[in-house]
Amino acid sequence: MTSHDTASLDFRSDTVTQPDEAMRRAMASAEVGDNVLDGDPTIKALEERAAAVLGMPAALWTPSGTMANLIALSVHLQRGDRFLAPKGAHVLVNELGSAAWLAGGMPDPLEHDAGPGRPTPETLAAAIGPRSGPYFTLRTTLLCLENTHNASGGAVIPPHEHAQLLSTARQAGLRVHLDGARLWHAAAALGLPPAALTVGVDTVSACFSKGLGAPVGSVVAGSANFVERAKRMRQMLGGGVRQGGVLAAAALVALDRVGDLAEDHEKARKLAAGLADLGWEVNTPETNIVLARVADLEVTLASLGAQGILASTLGGKVRFVTHRDLSMADVEEALRRIKAGGHP
């Protein structure tokens, strides 16, 4: 909890969290080895545990979620293959075109006609189109889903809709990659284990530095054969770290804290309700992201900053993200400051 006299309250992202003392102790005492030459024991332990938690045969540690997604797309796609993803997906708009530039894929967005962050099976089937055609037509080979969908305010794909989309993709012969950067949040919101949300996918990525408090690191998981291929791609992309166990140790501690995410969701609901009471137009958060529509983004962010409240923008809205380094008292303090400062 912060000191409320002058301290800034940072709602920009759940990536701003810092490792606490317990996590730092685990990092300092981690058993390590050269992960490129003969393996790092702590990275190996993390990969085995993450694979089990995600319900996949094997997993590979990566320095970032962007690298994890890029590795998956690079393995799944051949040059010129078309892949589908919900509009606004991280692989489409937040990874600097690497899916096309480095993985060689042709991205095509899907409208959210089933709800925030997800298409209907009918929209997916129409986008896939016929399974065969002239040799010069685009070949659609991959569907990328995102759970939770960041740009839609941390929206969750429920299991039955996930299953319907998977079935549609499978019937058309597509592989499926799940960007699960915040899959932990989806699992917490639904009261399900993470593995319940990965059923049927070929690969899944998940991040330890979003909400769980680790300073860095993700995994990409799939079959043992996929992970062997992914390991070579990770090396090509510069992810062949040496004594990375000091980072994997933090991720192992983070995995013990998935259950804490429900508290962040409660903070988000508290913040959204308080903003609504003050006249703000906000979404009802499904997880830990609150989006607010305002008349002037720059004026609003400046006003919040003057009140010691840090926020970001997303899709023309103000974005507040609750996390483990902000307490419920911090949320209440933010609302007090906003009320005292008047509506932006």
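Since the model is a prediction, treat every value here as computed from it, not as a measurement. Positions are given from 1, in the same order as the sequence printed here.
With contacts defined as side-chain heavy-atom distances shorter than 4.5 Å, the pair Thr322/Phe11 qualifies. Taking 4.5 Å as the limit, some side-chain heavy atom of Trp184 sits within range of a side-chain heavy atom of Leu255. Using a 4.5 Å heavy-atom threshold, the side chains of Asp325 and Val16 count as separate. Side chains of Cys207 and Arg182 form no contact here, defined as non-hydrogen atoms less than 4.5 Å apart. For the pair His185 and Glu286, the minimum side-chain heavy-atom distance is 4.5 Å or more. Side-chain atoms of Asp202 and Phe226, non-hydrogen and from C-beta on, never get closer than 4.5 Å to each other. Looking only at side-chain heavy atoms (C-beta outward), Leu54 and Val219 come within less than 4.5 Å of each other. In this structure, the side chains of Pro285 and His265 stay at 4.5 Å or more apart for every pair of heavy atoms.
Nearest heavy atoms, Ala169 versus Ile128: CA-CD1, 4.4 Å. Scanning all heavy atoms of the two residues, the minimum distance from Thr168 to Pro121 falls at OG1-CB, 3.4 Å.
A salt bridge links Glu333 with Arg337: at least one charged nitrogen is closer than 4.0 Å to a carboxylate oxygen. Remark: Asp14 does not engage Lys210 in a salt bridge, criterion side-chain N to carboxylate O under 4.0 Å. Note on Asp256 versus Arg49: salt bridge recorded, some NZ/NE/NH1/NH2 to OD/OE distance being below 4.0 Å. With respect to the salt-bridge test (charged N to carboxylate O, under 4.0 angstrom), the residues Lys44 and Glu47 do not qualify.
Between the side chain of Ser218 and the main chain of Gly65, a donor-acceptor pair closer than 3.5 Å is present. Distance alone, capped at 3.5 Å, places no donor-acceptor pair between the Ser303 side chain and the Val299 backbone. Distance alone, capped at 3.5 Å, places no donor-acceptor pair between the Thr62 side chain and the Met67 backbone. When atom types are taken as modelled, the side chain of Arg24 and the backbone of Pro19 share a donor-acceptor pair closer than 3.5 angstrom. Between the Ser209 side chain and the Gly217 main chain, no donor and acceptor come within less than 3.5 Å of each other. Between the side chain of Glu146 and the backbone N or O of His90 there is at least one donor-acceptor pair closer than 3.5 Å. Under a 3.5 Å cut-off, the side chain of Arg118 and the backbone N or O of Leu165 do not form any donor-acceptor pair. Between the side chain of Lys87 and the backbone N or O of His112 there is no donor-acceptor pair closer than 3.5 Å.
The 12-atom threshold is not exceeded at CZ of Arg229, counting heavy atoms of other residues, nucleotides or ligands nearer than 6.0 Å. By the 6.0 Å contact criterion, CZ on Arg232 is open, its count of non-hydrogen atoms from other residues, nucleotides or ligands being 12 or less. The number of heavy atoms from other shown groups lying within 6.0 Å of CG (Leu96) does not exceed 12. A 6.0 Å sphere centred on CZ of Arg242 holds more than 12 heavy atoms belonging to other residues, nucleotides or ligands.
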Check your understanding: What do the steps show when you test Phe208 against Leu252 for side chain to side chain contact (heavy atoms under 4.5 Å, CB included), and what is the final call?
Key -> CA-CA 9 Å; Phe208 303 112; Leu252 283 166; over 6 Å; no
Practice item. For the pair Val241 and Asp40, evaluate side chain to side chain contact (heavy atoms under 4.5 Å, CB included) and give the outcome as yes or no after the intermediate values. Key: CA-CA 10 Å; Val241 301; Asp40 180 293; over 6 Å; no
Point to revise | Candidate pair His323 and Arg12, rule side chain to side chain contact (heavy atoms under 4.5 Å, CB included), full reasoning | key: CA-CA 10 Å; His323 51 76; Arg12 290 174 298 167; over 6 Å; no
Exercise for review: Evaluate the side chain to side chain contact (heavy atoms under 4.5 Å, CB included) criterion for residues Leu145 and His162: first the C-alpha distance (whole Å), next the side-chain angles of each, then the deciding distance (0.1 Å), finally the verdict.
Suggested key: CA-CA 9 Å; Leu145 297 174; His162 170 91; 4.2 Å; yes
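A distance of 12.0 Å separates CG in Asp264 from CG in Leu271, rounded to the nearest 0.5 Å.
Screening Asn69, Thr148, Asn150, Asn147 for a side-chain hydrogen bond (donor to acceptor under 3.5 Å, both in side chains) involving Asp179 leaves a single residue, Asn69.
Under 3.5 Å, the side chains of Ser167 and Gln171 contain a donor-acceptor pair of N or O atoms. Defined by atom type and a distance below 3.5 Å, a donor-acceptor pair is present between the side-chain atoms of Thr140 and Arg82.
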